[in-house]
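Okay, so here's the structure we're looking at.
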Amino acid sequence: QVQLVESGGGLVQPGGSLRLSCVASGFTFSTFSIYAMSWYRQAPGKERELVAHITSVATTTYADSVKGRFTISRDNAQKTVYLQMDSLKPDDTAVYYCRALRNIAFWGQGTQVTVSA
């Protein structure tokens, strides 16, 4: 059974940093490595939006709002994807979700990130 578990969220002041992790289970090493992995976020009253994406060959793309501040990476041996978030702003406050995509999508349960003084 495939499961994605996010962690690393919390309360941080503007300008601070957080590192989110998403650990996958139910995959073999070779299976996980061919999945495209993404981070999404959803703020209250807003639609879920794509934040960052990394392909099976580690090509990355970012939403314009986070370019230069966020970095997505993956460790296939650990079946984990990370989101390093620097220079955080109040507008980054949201629940952050991890997604694995091949022919179908798997989602994690989300982790709350709150940026506030």
Suppose we screen for salt bridge (Lys or Arg N to Asp or Glu O under 4.0 Å). Which residues come up paired with R69, at least two apart in sequence or across chains?
D92
Give every residue pair that meets the ring pair (Phe, Tyr, Trp, His ring centres under 6.0 Å) criterion with at least one member in residues 71-98, sequence neighbours excluded.
none
Hey, could you give me the CZ/CZ distance between R102 and F32, rounded to the nearest 0.5 Å?
13.5 Å
Ignoring hydrogens, what is the shortest heavy-atom contact between Q42 and A94? Give both atom names and the distance.
O-CB, 3.5 Å
Roughly how far, to the nearest 0.5 Å, is the CZ atom of F70 from the CG atom of L83?
6.0 Å
Could you go through residues 57-66 and list every donor-acceptor pair under 3.5 Å that involves a side-chain atom there, pairing it with any protein atom two or more places apart or in another chain?
{"from": "Y62", "atom 1": "OH", "to": "I72", "atom 2": "N", "distance (Å)": "2.9"}
{"from": "D64", "atom 1": "OD1", "to": "K67", "atom 2": "NZ", "distance (Å)": "3.1"}
{"from": "S65", "atom 1": "OG", "to": "R41", "atom 2": "NH2", "distance (Å)": "3.4"}

Answer whether the closest heavy-atom distance between the side chains of L88 and L18 falls below 4.5 Å.
yes
Smallest heavy-atom separation, T80 atom then S21 atom, equals CG2-CB, 4.4 Å
Using distance alone, with no hydrogens and no angle criterion, decide if Q78 and N76 have a side-chain donor and acceptor under 3.5 Å apart.
no
Can you name the side chain to side chain contact (heavy atoms under 4.5 Å, CB included) partners of V2, sequence neighbours left out?
F27, F106
I'd like to check the side chain to side chain contact (heavy atoms under 4.5 Å, CB included) partners of A36; sequence neighbours left out, ordered by chain and number.
H53
Result block: side-chain N/O donor-acceptor pairs under 3.5 angstrom for residues 3-15, not counting sequence neighbours:
{"from": "E6", "atom 1": "OE1", "to": "Q109", "atom 2": "N", "distance (Å)": "3.0"}
{"from": "E6", "atom 1": "OE1", "to": "Q109", "atom 2": "NE2", "distance (Å)": "3.4"}
{"from": "E6", "atom 1": "OE1", "to": "G110", "atom 2": "N", "distance (Å)": "2.9"}
{"from": "E6", "atom 1": "OE2", "to": "C98", "atom 2": "N", "distance (Å)": "2.8"}
{"from": "E6", "atom 1": "OE2", "to": "G110", "atom 2": "N", "distance (Å)": "3.3"}

Using side-chain heavy atoms (C-beta onward) and a distance below 4.5 Å, is T93 in contact with V113?
no
Do Q84 and S17 come within less than 4.5 Å of each other through their side chains, counting heavy atoms only?
yes
Determine, using ring centers only, whether W107 and Y40 are less than 6.0 Å apart.
yes
Closest heavy-atom pair, R74 versus T55, reported as atoms and distance to 0.1 Å, is NH1-O, 3.0 Å
